[in-house]
Undergrad: 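Structure in structure tokens, see below.
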Amino acid sequence: MVRLSYYKGLLLSDYYAPGLKWSDEFKKYIGFAYKYRDVLEYFKREEIKIEDNVLDTLPFPMIEDKITLRDYQAKALFFWNRAGKRGIIVLPTGAGKTAVGIKAITKVKASTLILVPTIDLLDQWYEKIKDALNYSPGRIGGGYDELKAITVITYDSAYTRVEEIGNKFAFVIFDEVHHLPSEGYSQVAQMLASPYRLGLTATPEREDSRHRLLPDLVGPVVFRLRASELAGKYLAEFEIKKIYVSLTDDEKKKYEELRKKLKQFLSSRNMQLDSLESFHKLVKLAGRDPEAREALLAWHTALRISVNSKAKIEKLRELLNEYNNKENKIIIFTRDVEMAYNVSREFLIPVVTYKTPKDERSEILRKFKEGKYKVIVASSVFDEGVDIPDANIGIVLGGYGTSRQMLQRLGRILRKKEGEKNKALLIEIITKGTSDYNLSKRRHRATV
DNA sequence: TTGACTCAACATCCTTTGCTACAA
DNA sequence: TTGTAGGTTTCCATGTTGAGTCA
């Protein structure tokens, strides 16, 4: 008879099993709690009897189930179920990931923990569960601290509480699961004993390649659908337009000076900037070498000039003249805060950045939803986890070189509206011949 | 309870085009 | 001659968020 137990994120066992190591401190074999399922299966295969004291879950409540899934949502859940209730479902923004998650809870019928990156999402899940299951889930984070059989928690709170609650849930849902592989959050996944796992995201891939950890932490991608596959029926038809502009003579002169400074430094040190690693090398060097710091600063400034070029503002003026009318709702996206405020001042448009106070932000979003505001400008605050009212036109003035940001911004204009005839339109304004062009090229790598 | 702070964690950050020492 | 590894243990900037603290 093997005794299995849980202790502060660890799995303790009397006998050896793959994935466990002997610990002199505990006088037992130990491993991270997430090995629980594998260890259990191993002992079963070996026909070894187990006394299992790992999970200590709260009783599953009486719930209703008012969720009707669309065909692709049901299919996604089918594949996840077939994979042993483990794995990741990839659906574009607006395709109803939350509904899939809630339906999964009703299938598993066991105590469930839902991890979310922001308080906005904490509230959204809370409301949707209340509606769909006629049950008020617990909330931990954002000032709440209620542990219930179905509980929504922020990643940050989970990080500080996981030792204590790591064995209270048989099922765990990781919303926006691309956050999970980061240094700190991945420990949360390891310290949870939950044998059933579901990850939800629109874009699992990460710039740092740590998404390679996801199959181990959550399971493989079991279902994937792109925005273009849902366009027309469940999401709006859309078009992506690219408009190219040039730097002014002044900007060009400055830009080239700065790039030259960077190049001169690189060649003086026999360095190249041809990979992320080489860039990190430069950053490291900049920590102790003033010349390297100067070079990096030059790179930053040059980037800013190209992303926030004056011609973009003029092009934006034309676009607003053309599209700013009763029929359209427009969101303008910028890369940095300064540009967002410049646009706001120039065109007298309400602006939202991370500096905007909370109530002012919700006020602006409310008025945009009601149609009192037709155009708003935002930095990268709307990229994820915020419930943004529908728009049908997005204008990208600047951004990162990541397809994640691109797809998330696209998602902001894709919600299908009743009787809508016009296509949703995402317009990107790009400064040609500069790093801005490279950024744009990079964010289009992944097919939409 | 709020509001204003601070702090920590997370994310992005590259594409040009030439090295040098050593092993196979 | 050709091919390949090379060095450590992070962190120039800016943006964004959640949690904690203190008035």
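Every value quoted in this text rests on a predicted model; they were computed, and no experiment measured them. All chains are named by letter (A, B, ...) in the order of the sequence lines, taking the proteins before the strands, and each is independently numbered beginning at 1.
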Undergrad: Mind checking whether A:Phe79 and A:Phe223 have parallel, tilted or perpendicular rings, split at 30° and 60°?
TA: parallel
Undergrad: Please state whether the phosphate of B:dC10, meaning OP1 or OP2, lies under 4.0 angstrom from any side-chain nitrogen or oxygen of A:Ser182.
TA: yes
Undergrad: Students often get this wrong, so: under 4.0 angstrom with heavy atoms, is A:Leu282 touching a base, only sugar-phosphate, or nothing?
TA: nothing
Undergrad: Whole angstrom is fine here: how far is it from CG in A:Leu273 over to P in B:dT17?
TA: 13 Å
Undergrad: Please report the distance separating the C1' of C:dT21 from the corresponding atom of B:dT1, rounded so that it comes out in whole Å.
TA: 15 Å
Undergrad: How close do A:Lys315 and A:Ile243 get, counting heavy atoms only, and between which atoms?
TA: CE-CG2, 3.6 Å
Undergrad: Mind telling me whether A:His179 and A:Tyr155 have parallel, tilted or perpendicular rings, with 30° and 60° as the class edges?
TA: tilted
Undergrad: Base, sugar-phosphate, or nothing: which does A:Ser278 touch, judged by heavy atoms less than 4.0 Å apart?
TA: nothing
Undergrad: Do you know which two heavy atoms are closest between A:Met271 and A:Phe265, and how far apart they sit?
TA: SD-CE2, 4.4 Å
Undergrad: What I want to find out is whether A:Asp436 reaches A:Lys312 closely enough, with some N-O distance under 4.0 Å, to be called a salt bridge.
TA: yes
Undergrad: Taking CG from A:Asp336 and P from B:dC13, how many angstroms apart are they, rounded to a whole number?
TA: 12 Å
Undergrad: Please state whether the phosphate of C:dA19, meaning OP1 or OP2, lies under 4.0 angstrom from any side-chain nitrogen or oxygen of A:Arg161.
TA: no
Undergrad: Calculate the interatomic distance between A:Arg210 atom CZ and B:dT12 atom C1'; express it in whole Å.
TA: 15 Å
Undergrad: Is any side-chain nitrogen or oxygen of A:Arg442 closer than 4.0 Å to OP1 or OP2 of B:dT15?
TA: no
Undergrad: Has A:Gln272 got a side-chain N or O lying under 4.0 Å from the OP1 or OP2 atom of B:dG18?
TA: yes
Undergrad: If you assign each of A:Asp208 and A:Leu266 to its closest nucleotide in DNA chain B, which residue comes earlier from the 5' end?
TA: A:Asp208
Undergrad: Once you apply a heavy-atom cut-off of 4.0 Å, does A:Leu180 come out as touching a base, just sugar-phosphate, or nothing?
TA: nothing
Undergrad: Mind checking if A:Gly401 touches a base, just sugar-phosphate, or nothing, with heavy atoms under 4.0 Å?
TA: sugar-phosphate
Undergrad: With a 4.0 Å heavy-atom cut-off, tell me which residues in residues 284-307 of chain A come close to DNA chain B, sorted by residue number.
TA: A:Trp299
Undergrad: Please report, rounded to the nearest Å, how far the P atom of B:dA11 is from the CD atom of A:Gln405.
TA: 14 Å
Undergrad: With a 4.0 Å cut-off on heavy atoms, is A:Ile119 in touch with a base, just the backbone sugar-phosphate, or nothing at all?
TA: sugar-phosphate
Undergrad: Choose from C:dG7, B:dT16, C:dG18 the nucleotide whose nearest atom is closest to any side-chain atom of A:Thr154.
TA: C:dG18
Undergrad: Describe the nucleic acid contact of A:Arg361 in one word from base, sugar-phosphate, nothing, applying a heavy-atom distance below 4.0 Å.
TA: sugar-phosphate
Undergrad: Distance check, C1' atoms only: C:dT9 and B:dC14, in whole angstrom units.
TA: 24 Å
Undergrad: Would you indicate, yes or no, if B:dA11 has its OP1 or OP2 atom less than 4.0 angstrom from a side-chain nitrogen or oxygen of A:Arg206?
TA: yes
Undergrad: For a quick check under 3.5 Å, do A:Glu428 and A:Ser440 share a side-chain donor-acceptor pair by atom type?
TA: yes
Undergrad: Is there a side-chain contact between A:Ser379 and the phosphate of C:dT16, meaning an N or O under 4.0 Å from OP1 or OP2?
TA: yes
Undergrad: Between C:dT10 and B:dG18, how far is it from one P atom to the other, in whole Å?
TA: 29 Å
Undergrad: Considering the options A:Arg366, A:Lys374, A:Lys367, which one meets the salt bridge (Lys or Arg N to Asp or Glu O under 4.0 Å) requirement together with A:Glu370?
TA: A:Arg366
Undergrad: Quick check on DNA chain C: between A:Lys355 and A:Ala158, whose nearest nucleotide comes earlier from the 5' end?
TA: A:Lys355
Undergrad: Have a look at A:His179 and say if it touches a base, only the backbone sugar-phosphate, or nothing, with a 4.0 Å heavy-atom cut-off.
TA: sugar-phosphate
Undergrad: Classify A:Ser157 by what it touches in the nucleic acid, base, sugar-phosphate, or nothing, heavy-atom distance under 4.0 Å.
TA: sugar-phosphate
Undergrad: OP1 or OP2 of B:dA11 less than 4.0 angstrom from a side-chain nitrogen or oxygen of A:Thr402, does that happen here?
TA: no
Undergrad: For A:Ser380 and A:Gln405, which heavy atoms make the closest approach, and how far apart are they?
TA: CB-NE2, 3.8 Å
Undergrad: Does A:Ser380 place a side-chain N or O at less than 4.0 Å from the phosphate oxygens OP1/OP2 of C:dT16?
TA: yes
Undergrad: With a cut-off of 6.0 Å (strictly less than), are more than 12 heavy atoms of other residues, nucleotides or ligands near OH of A:Tyr7?
TA: no
Undergrad: When the P atoms of C:dC11 and B:dA9 are compared, how many Å lie between them, rounded to an integer?
TA: 15 Å
Undergrad: If you take all heavy atoms of A:Phe32 and A:Leu11, which pair is closest and at what distance?
TA: O-CB, 4.0 Å
Undergrad: For A:Gly142 and A:Thr353, take the nucleotide of DNA chain C holding the closest heavy atom to each; which residue's nucleotide lies nearer the 5' end?
TA: A:Thr353
Undergrad: Expressed as a whole number of angstroms, how long is the span from A:Asp436:CG to B:dT12:P?
TA: 17 Å
Undergrad: Without decimals, in angstroms, what is the distance between A:Tyr185 OH and C:dG18 P?
TA: 9 Å
Undergrad: Describe the nucleic acid contact of A:Phe279 in one word from base, sugar-phosphate, nothing, applying a heavy-atom distance below 4.0 Å.
TA: base
Undergrad: In whole angstrom, give me the gap between the P atoms of B:dC13 and C:dG15.
TA: 14 Å
Undergrad: Under 4.0 angstrom, heavy atoms only, what part of the nucleic acid is A:Val381 near: base, sugar-phosphate, or nothing?
TA: sugar-phosphate
Undergrad: Mind listing the closest non-hydrogen atom pair of A:Ser186 and A:Arg210 along with its distance?
TA: OG-NH2, 4.0 Å
Undergrad: Could you state the OH-P distance from A:Tyr159 to C:dG20, rounded to the nearest angstrom?
TA: 13 Å
Undergrad: Just checking, is any N or O donor in the side chain of A:Tyr36 or A:Asn167 under 3.5 Å from an acceptor N or O on the other one?
TA: no
Undergrad: Are A:Arg404 and B:dT12 close enough that a side-chain N or O sits under 4.0 Å from OP1 or OP2?
TA: yes
Undergrad: Toward the 5' end of DNA chain B, which comes first, A:Arg259 or A:His178, by nearest nucleotide?
TA: A:His178
Undergrad: Tell me: CG of A:Asp274 to C1' of B:dC19, nearest whole Å?
TA: 12 Å
Undergrad: Pairs counted as Watson-Crick or G-U wobble with both distances under 3.5 Å: what dot-bracket string results for DNA chain B, using | for bases tied to another strand?
TA: .||||||||||.......||||||
